[in-house]
Amino acid sequence: MSTPLIQAVDWGFRYFDREKYALRHLNLEIEKKDKVLLLGPSGSGKSTFLHALAGLLSSNSLGTEEGRLLVNGDHPLNMQGNVGIVFQDPVTSLVMSRIGDEVAFGLENVGIPKDVIWSRVNAALAEVGLSYPLSQYTSALSGGEQQRLVIADLLAFMPGIWLLDEPTANLDPLGAKSVIETFFQLHEKTDTTVVLIEHRLTELIKLVNKVIVLVDGGESVLQGPPDEIFYKHGDFLKKSGIFLPDEIIERKRPVSFGKDLCLQASGVSAKHPGQSHLAVRDVSLEIKSQQVLAVMGANGSGKTTLALILASLLKPTQGRVEFIGVKNGESYFSWRAKELVQYVGMVFQEPEHQFLTSQVLKELLILPKRLKMKQEDAKQKADELLERFKLATLAHCNPFTLSGGEKRRLSVAAALMADPNVLILDEPTFGQDANTFYQLISFLEENVDAGQAVVVITHDIELTNILADRVVNLSQGSIVGESYSDLFSSKRSDLFLAENINRKFSQGLH
Amino acid sequence: MAPSGLFFLEGKLSRYNPAAKLLAALLIALGLLVSDDITSALVALTIELISLSVFAIPYKPVLRKTYPLFLAAVSVAIANIVASKAPALVIAGISLRLIAISLPGILLFSSTDPVDLADSLVQQCHVSPRYAYAALASFRLLPLLSEEFSLIMRARRSRGIDYGRGFIAKFPLFLTSVFALFVSAIRKATRLALAMDARAFNLKVARTSAREQAIQRRDIILILSALTMVLVANTAGIIAGTWHIVLLSI
């Protein structure tokens, strides 16, 4: 019998700044040419395992290692150059400023001769369909193109093992589609071993012939062919916060046509410093209470910029925004912050940017203090929100040490402390597991039914399907389509639904 | 054009070897620090200005981009006039010298692609690739910092905290925002370092280079020209009788 390509024997790893092991007593084997989907609830150590395989956890500097983890019979640290990894965010994965140099970087590191480097660079770029000159700046590429460039880095590197850590999570549907197609094309040509982490079970799982589920921090492991795992352990997976591939996410709320007009933007345009084109171009929009508005569009279409304008965090170069019935005559953009947050709350894509204190409870109490609210009232309200957002047991923890889902819930709770009439959320479901996804949706449903206006900036089609009443599609800063949610199916969709929506929009325009 | 938006000079000078340009600029800087007289400064500056046209560098954009240098020179002169009893000619000499020393440095960096500089430092000056390319990679992330800072400021406003009116009200919040920026910069750098190590950057094998930086004849000529210019300027100072070694006067 041949030895497995990847082998964990009672393996564990603990980061120095944590008391608990990220993974412990892990036993598993991955054979050569296996295509593995690695599943586990958030915080189950999936990424730690991938980093360890890539040789990125040198045990002396980051934490302590126990047991044995072998790649090709050797410690992963000695296997660098044979293992390639694709991270979520291409921006911090790219090293060099030009695409040719970028692909060449890894080859230089392993001592490939110059002539060979450039032929491999050209071949890899052609393989992922990037036909720009080698001197093209990486910063000028779209997110999907940047991630394909990262894949080209790997292709040129020719590792025997590919580790993919949610490679499409940061991309809009079209960018994700191009990356997924690239993987499928490569898959037909090569017989590398693949270990994949995905939160949403996209088309990518069709590549997989084996599923490994990490349970209890690695103490036990479920493994088998995908059908068997999803069939046998479906309930368990669902309970652990894992999306199932055939999961039907039903819409519960009927479509709402909204009640009162809260916020009105008329002809707003905005430009980013140092850029010549407009990020938002002549947009007019009405936001109504008891209604969820979804703003969709590709990366770079101006969604976030529009959200910042609506939240009075960025002053448009043209046009006006009016909060109906409040402070008539005073410009919306010169409101003092503590007044603003009582009318409009904004939750950023990265919750950490909005954290101000070192304790969850203080994070909620910081605003009532500025508003000179009575202390008992503030405390009571904070406790209610902590209870509702399942953060009560974490009240005295440092916000920065929470898990991704907990951070997201805290940032929403913090915005709700001021009871804003309008709540704007930028990519609220980004990187969230199924548990947080469903919790977030039921929180927002409750708020909207209670009369709040909710705006979600998103390219998550499932979120739009089950939550949004009205959808606005942005392209290059302009609104190119607007519709009520009943235009498209409320059944579970795949990534490619984006095109259907676009088609419906363009039909609607003619 | 580099995306960082920095002043970049295309053309003849950008094709010279970066290490050679660095050496030439250093020679000029050191050579002009020997004396503090007006003649040698004036001669050096004249030769520099003439050589601008030798390298086909247009005067106008250079003047427009280097105006802070001239402001600095003027303010040095004003400070000296106010504070010291030095004769006007000596003061003028100091100001001109400031320009003559800085100009080659500015031309060096504005005519050199950072990637070429890193390559050349590794290949010609035997700087460790670990430092050269790590610095280069972090240089690429620099423009992101200002975006990040405005993001942090907005995040604070969204939490009900603003700067109030007036500088004193703003200052403490400015400090905490800078700290937040620092934390997030470290987080970004850590992720980039991870990505570099994932591509075997810390592998202990002989690293090859995909881009070759060679020393050519024109680079030797550039260095010799710099040396000659320094000698000519100082000789002119000696002949004119104004030459005066700085180190001896201290």
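Chain letters run A, B, ... following the sequence lines, proteins first, then strands; residues in each count from 1.
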Is there a side-chain contact between [X] and [Y] in this structure, where contact means two heavy atoms from C-beta onward sitting under 4.5 Å apart?
X	Y	answer
A:Val341	B:Ser158	no
B:Val183	A:Phe400	no
B:Arg187	A:Glu352	yes
A:Ser312	B:Arg157	yes

ask   = Hey, are A:Arg98 and B:Asp113 close enough for a salt bridge, meaning a charged N less than 4.0 Å from a carboxylate O?
value =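 Yes.
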request  = Please look at B:Arg154 and chain A and tell me whether the side chain, the backbone, both or neither of the residue comes under 4.5 angstrom of a heavy atom of that chain.
outcome  =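 For B:Arg154, the contact with chain A is made by backbone and side chain together.
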task = Select one option (side chain, backbone, both, neither) describing which atoms of B:Leu136 are under 4.5 Å from chain A's heavy atoms.
result =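 Interface part for B:Leu136: side chain.
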query = Given the options B:Ala200, B:Ala180, B:Ala189, B:Ala134, which has more heavy-atom pairs under 4.5 Å with chain A than any of the others?
reply =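 Top option by heavy-atom pairs under 4.5 Å: B:Ala200.
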inquiry  = For A:Ser411, which atoms come within 4.5 Å of any heavy atom of chain B: side chain, backbone, both, or neither?
reply    =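 No part of A:Ser411 comes within 4.5 Å of chain B.
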query = Quick one: what part of A:Asp115 sits under 4.5 Å from any heavy atom of chain B, side chain, backbone, both or neither?
reply =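 Neither; nothing under 4.5 Å.
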inquiry  = Counting heavy-atom pairs closer than 4.5 Å to chain B, which one of A:Ile85, A:Leu356, A:Leu340, A:Ile117 comes out on top?
reply    =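 Among A:Ile85, A:Leu356, A:Leu340, A:Ile117, the one with the most close pairs to chain B is A:Leu356.
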Heavy-atom pair count under 4.5 Å with chain B, highest-scoring of A:Asp89, A:Leu94, A:Val91 =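 Maximum pair count with chain B is reached by A:Leu94.
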B:Asp162 side chain vs A:Arg336 backbone, donor-acceptor pair below 3.5 Å =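 Not at all, since once roles are kept as given, no pair shorter than 3.5 Å links the two residues.
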task = Answer yes if the side chains of A:Ser93 and B:Arg191 hold a donor-acceptor pair under 3.5 Å, and no otherwise.
result =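 Short answer, no.
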message = Would you say A:His272 and B:Glu147 are linked by a side-chain donor-acceptor pair, where the criterion is simply a distance under 3.5 Å?
response =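 Side chains of B:Glu147 and A:His272: no pair found under 3.5 Å.
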Please list, in residue-number order, every residue in [range] that has a heavy atom less than 4.5 Å from any heavy atom of chain B; write 'none' if there are none.
range	value
residues 150-157 of chain A	A:Asp153, A:Phe157
residues 102-112 of chain A	A:Glu102, A:Val103, A:Ala104, A:Phe105, A:Gly106, A:Leu107, A:Glu108, A:Asn109, A:Val110, A:Gly111, A:Ile112
residues 363-371 of chain A	A:Glu363, A:Ile366, A:Leu367, A:Arg370

key: Close contacts, residues 207-215 of chain B versus chain A, judged by heavy atoms under 4.5 Å   =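 The stretch touches chain A at B:Arg207, B:Thr208, B:Ser209, B:Ala210, B:Arg211, B:Glu212.
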